[in-house]
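Below: the structure, in structure tokens.
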There are 2 protein chains.
Amino acid sequence: MHFEEIIKIIKDRRDTLQVTQETLAELSGVGLRTLKQFESGKGNPTLLTLSKLADVLGLEITLQVKNIKPFK
Amino acid sequence: MHFEEIIKIIKDRRDTLQVTQETLAELSGVGLRTLKQFESGKGNPTLLTLSKLADVLGLEITLQVKNIKPFK
DNA sequence: TAAAAAAGAGCTTTATAATGCACTTTGAAG
DNA sequence: CTTCAAAGTGCATTATAAAGCTCTTTTTTA
């Protein structure tokens, strides 16, 4: 999952929950400026920042082996 | 997936592939100091740093809705 | 379309991630 | 034990994420 996809997931999820950037910033403890920067594709958030956002949005960050082993 | 779990996945995967921190640092373009700090639980890597490591290790970062909706 | 709300951007400061270097500690193999 | 490789730490520097404030742009809605 690439950067842009991660951003999209966050934005889509926020839209689904009908939460504004401002509200999400408050609920997550992440600065509004930081959230805006991230969602507009200009950021490189720390794992902590991302997980704060994910927590509030009911999202989970996972790391998994990317082995799409095809059958012969 | 919490911080410690993410660290564990990285370390385990590196062990499985039998790659040293030094080699992983070189292959991923992440500084050795940064990797050491992260693996020893002292870091808060940026998403870019984490994804560089994940790429080399064949791991994928994903964000998914954490809705473990139980049946009644 | 006008007004209001939400999102994005410029500028600045502060905190800290990223990095390299040298040194210490740990662990495994002999 | 002793050696050697790998992992971890202290210290310092540089780059940049986080943050707030203000203003502009875009989107929504009345």
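Quick caveat, the model's predicted, so the values are computed rather than measured. Chain identifiers are assigned alphabetically (A, B, ...) following the order of the sequence lines, protein sequences preceding nucleic acid strands; residue numbering begins at 1 within each chain.
- In this structure, the nucleotide among D:dG8, C:dA7, C:dT19 sitting nearest to the side chain of B:K11 is D:dG8.
- Counting heavy-atom neighbours within 6.0 Å of A:Q64 CD, excluding the residue itself, gives a total above 12.
- Of the candidate nucleotides D:dG8, C:dT19, C:dA7, C:dA7 has the atom lying nearest to any side-chain atom of A:Q21.
- A straight line from CG of A:L32 to P of C:dA5 spans 16 Å, rounded to a whole angstrom.
- A:L32 is not connected to A:L50 by any chain of hydrophobic side-chain contacts under 4.5 Å among Ile, Leu, Val, Met, Phe, Trp and Tyr, and they are in different clusters.
- Put simply, CG on B:L48 is 20 Å from P on C:dT16, counting in whole angstrom units.
- Residues B:N44 and A:T49 form no side-chain contact, since every pair of their non-hydrogen atoms from C-beta on lies 4.5 Å or further apart.
- Mapping A:L50 and B:E22 onto DNA chain D by nearest heavy atom places B:E22 closer to the 5' end of the strand.
- In this structure, CG of B:D12 is placed 13 Å from P of D:dA7, rounded to the nearest angstrom.
- A straight line from NZ of A:K36 to C1' of C:dA6 spans 7 Å, rounded to a whole angstrom.
- Separating the CG atom of B:D15 from the C1' atom of D:dA5 is a distance of 14 Å, rounded to the nearest angstrom.
- For D:dG10, the base has a donor-acceptor partner in the side chain of B:R33 [N/O atoms by modelled type, under 3.5 angstrom].
- With rounding to whole Å, A:R14 atom CZ is found 10 Å from C:dA6 atom P.
- Side-chain nitrogen and oxygen atoms of B:K42 include none within less than 4.0 Å of the OP1 or OP2 phosphate oxygen of D:dG8.
- Side-chain proximity of A:T34 to D:dA19, C:dG8, D:dA7: nearest is D:dA19.
- Each of D:dT9, C:dG8, D:dA6 was ranked by its minimum atom distance to the side chain of B:S40; first place goes to D:dT9.
- B:L35 has its CG atom 12 Å from the C1' atom of D:dA6, to the nearest Å.
- Toward the 5' end of DNA chain D, the nearer of the two residues B:T46 and B:V19, judged by each one's closest nucleotide, is B:V19.
- Nucleotide D:dA18 holds its P atom 18 Å from the CD atom of A:E26, rounded to whole Å.
- Listed nucleotides D:dT9, C:dA18, D:dA7 differ in distance to B:T49; the shortest reach to its side chain belongs to C:dA18.
- Using a distance-only test at 3.5 Å, with no hydrogens or angles considered, no donor-acceptor pair links the side chain of A:T34 to the main chain of A:V30.
- Nucleic acid contact class of A:G41 (heavy atoms, under 4.0 Å, all strands): none.
- Within the 4.0 Å cut-off from OP1 or OP2 of C:dA5, not a single side-chain nitrogen or oxygen of A:T20 is found.
- Looking only at atom types and distance, the side chain of A:Q37 has no donor-acceptor partner in the side chain of A:K42 under 3.5 Å away.
- Looking at the side chain of A:V30, the nearest of the listed nucleotides C:dA9, C:dA18, D:dA19 is D:dA19.
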